[in-house]
J.: 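One structure, pasted below without further comment.
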Amino acid sequence: MSKNNSYKFGIVVFPGSNCDHDCYHVIKHVFSQDCEFLWHHETDVERFDCIVLPGGFSYGDYLRTGSIASLSPIMKSVEKFANAGKPVIGICNGFQVLVESGLLPGALMKNSSLKFVCKWVSVRVESTNNLFTKSMDIGDTLDIPIAHAEGNYFCTPEVLEELNDNNQVAFRYSGKNGELDPQANPNGSIENIAGITNKAGNVLGMMPHPERCAEEILQGTQGRLIFESIISWLNLNNKEKGRA
């Protein structure tokens with residue numbers, strides 16, 4: 001950890017990432033945290049407190065989205081980082097990379113409309129037993145933007161049952177008042193799923209972009225809650241380590 005309760009965030013940059021600077025801006029200038037870009041060839045990530053896989057089109061997404069990036073040298077280190085219980089968040093293309101690398105289950109397919117979708121949506125908080133939704137309550141709804149062509153989350157019935165049983169579904173697309181119906185689902189995701197975590201709750205993948213709604217100038221601030229939750233967890237974790 002850096003001084004003055006400032007934590008060190010690493011933002012992974014793949015060829016084709018295009019939301020890396022958005023994430024850097026929010027973490028560095030909105031939340032005053034230490035922040036560093038990590039080129040995809042990097043293998044040393046131990047100096048970081050949290051790893052961010054940003055949105056974009058890694059390697060042009062010319063094959064299945066996120067599939068080539070999942071084989072980048074840094075992903076072995078990210079896997080080791082995650083297995084140590086440290087926070088990893090994948091946003092949009094970052095979610096696709098996490099799924100392709102096996103850090104999260106399931107698959108992300110083309111939107112059911114077969115069109116690129118870019119708009120504001122509402123998502124309902126489904127679980128708070130992970131470190132990314134600690135600042136929220138179950139049933140809260142967040143207004144947050146999406147922009148993707150392949151955000152249609154899919155998994156087998158067995159995996160879906162496991163996700164639900166383990167409270168690994170973090171967010172579902174919903175109406176403004178939290179109602180879950182097909183009209184609120186922008187991409188055809190199974191059970192309106194917008195974001196999931198791993199079993200331990202320290203790896204989150206989500207299609208919506210919290211970094212695009214974390215300050216007033218962007219006409220929305222509810223993405224702040226996710227970054228605040230991460231920092232709050234880091235604060236708590238640091239205090240507990242201090243007591244050990």
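The chain is numbered in sequence order, starting from 1.
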J.: Can a side-chain donor-acceptor contact be found between Thr133 and Asn130 if the only test is distance below 3.5 angstrom?
T.: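 Short answer, yes.
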J.: Would you please say whether a donor-acceptor pair under 3.5 Å links the side chains of Ser67 and Tyr59?
T.: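 No donor-acceptor contact under 3.5 Å links the two side chains.
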J.: Could you tell me which residues satisfy side-chain contact (heavy atoms from CB on, under 4.5 Å) with Ala107, sequence neighbours excluded, listed by chain and number?
T.: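 side-chain contact (heavy atoms from CB on, under 4.5 Å) check on Ala107 returns nothing, list empty.
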J.: Before accepting this row, confirm whether a basic side-chain N of the pair Lys86/Glu46 lies closer than 4.0 Å to the acidic partner's carboxylate O.
T.: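 Yes, Lys86 and Glu46 are salt-bridged.
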J.: Could you give the distance from CZ (Phe95) to OG1 (Thr65), rounded to the nearest 0.5 Å?
T.: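 Spacing of CZ (Phe95) from OG1 (Thr65) equals 10.5 Å.
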J.: With a 3.5 Å cut-off and no angle check, do the side chains of Ser122 and Asp143 form a donor-acceptor pair?
T.: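 Short answer, yes.
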J.: If we ignore angles and hydrogens, is there a donor and acceptor under 3.5 Å between the side chains of Asn129 and Ser127?
T.: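 Short answer, yes.
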J.: Is any side-chain heavy atom of Leu104 closer than 4.5 Å to a side-chain heavy atom of Val203?
T.: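 Yes - at least one pair of side-chain heavy atoms lies under 4.5 Å apart.
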J.: Working to the nearest 0.5 Å, report the span between CD of Glu215 and OG1 of Thr221.
T.: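 Between Glu215 CD and Thr221 OG1, I get 10.0 Å after rounding to 0.5 Å.
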J.: Should we count OH of Tyr62 as having more than 12 external heavy atoms under 6.0 Å?
T.: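 Not more than 12 within 6.0 Å, no.
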J.: Among all residues two or more places apart in sequence or in another chain, which pass the salt bridge (charged side-chain N to carboxylate O under 4.0 Å, His left out) test with Lys134?
T.: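 With neighbours one apart ignored, the set is empty.
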J.: Do Ser101 side-chain atoms and Ser70 backbone N/O form a donor-acceptor pair below 3.5 Å?
T.: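 Here the side-chain-to-backbone pair does not exist.
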J.: Ignoring hydrogens and geometry, is there a side-chain-to-backbone donor-acceptor pair from Asn152 to Lys110 under 3.5 Å?
T.: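 Here the side-chain-to-backbone pair exists.
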J.: For Ser58 and Asn93, test the side chains for any donor-to-acceptor distance below 3.5 angstrom and give the result as yes or no.
T.: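 Short answer, yes.
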J.: Using 0.5 Å steps for rounding, measure from the CG atom of Asp140 to the OG1 atom of Thr128.
T.: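 Reported value, rounded in 0.5 Å steps: 9.5 Å.
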J.: Counting only N and O atoms by type, is there a donor-acceptor contact under 3.5 Å from the side chain of Thr141 to the main-chain atoms of Lys176?
T.: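 Looks like yes, one N/O pair under 3.5 Å.
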J.: Once you round to the nearest 0.5 Å, how far does CG of Leu163 lie from CG of Asn166?
T.: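 Reported to 0.5 Å precision, the distance equals 7.5 Å.
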J.: Taking side chain to side chain contact (heavy atoms under 4.5 Å, CB included) as the criterion, tell me which of Asp49, Asn237, Leu234, Leu204 meets it with Pro87.
T.: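 Answer after filtering Asp49, Asn237, Leu234, Leu204: Leu234.
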J.: Quick check against the 3.5 Å criterion: does Ser6 have a side-chain atom that pairs as donor or acceptor with the backbone of Asp34?
T.: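 At least one qualifying donor-acceptor pair exists.
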J.: Distance check, rounded to the nearest 0.5 Å: Asp44 atom CG versus Glu42 atom CD?
T.: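 Asp44 atom CG to Glu42 atom CD measures 6.0 Å (nearest 0.5 Å).
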J.: Between Glu162 and Lys199, does any side-chain N to carboxylate O distance fall below 4.0 Å?
T.: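 Here Glu162 pairs with Lys199 in a salt bridge, since their nearest N and O are under 4.0 Å apart.
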J.: I'd like to know if the side chain of Arg172 reaches the main chain of Glu191, judged simply by a donor and an acceptor atom lying under 3.5 Å from each other, with no hydrogens or angles considered.
T.: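 Yes.
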J.: Would you call the rings of Phe37 and His21 parallel, tilted or perpendicular, taking 30° and 60° as the class edges?
T.: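 It falls in the tilted class, 30° to 60°.
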J.: Between His148 and Phe57 (judged by ring centroids, cut-off 6.0 Å), do the two rings come close enough to count as a pair?
T.: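 No - the distance between ring centres of His148 and Phe57 does not fall below the 6.0 Å cut-off.
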J.: Rounded at 0.5 Å granularity, tell me how far OH in Tyr173 sits from OH in Tyr153.
T.: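 Going from OH on Tyr173 over to OH on Tyr153, the span is 12.0 Å.
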J.: Consider only side-chain N and O atoms of Ser229 and Ser135, and report whether a donor and an acceptor are under 3.5 Å apart.
T.: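 Yes - a donor-acceptor pair under 3.5 Å links their side chains.
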J.: Taking Asn192 for its side chain and Ser174 for its backbone only, find out whether a donor-acceptor pair lies under 3.5 Å.
T.: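 Checking the backbone N and O of Ser174 against the side chain of Asn192, no donor-acceptor pair under 3.5 Å is found.
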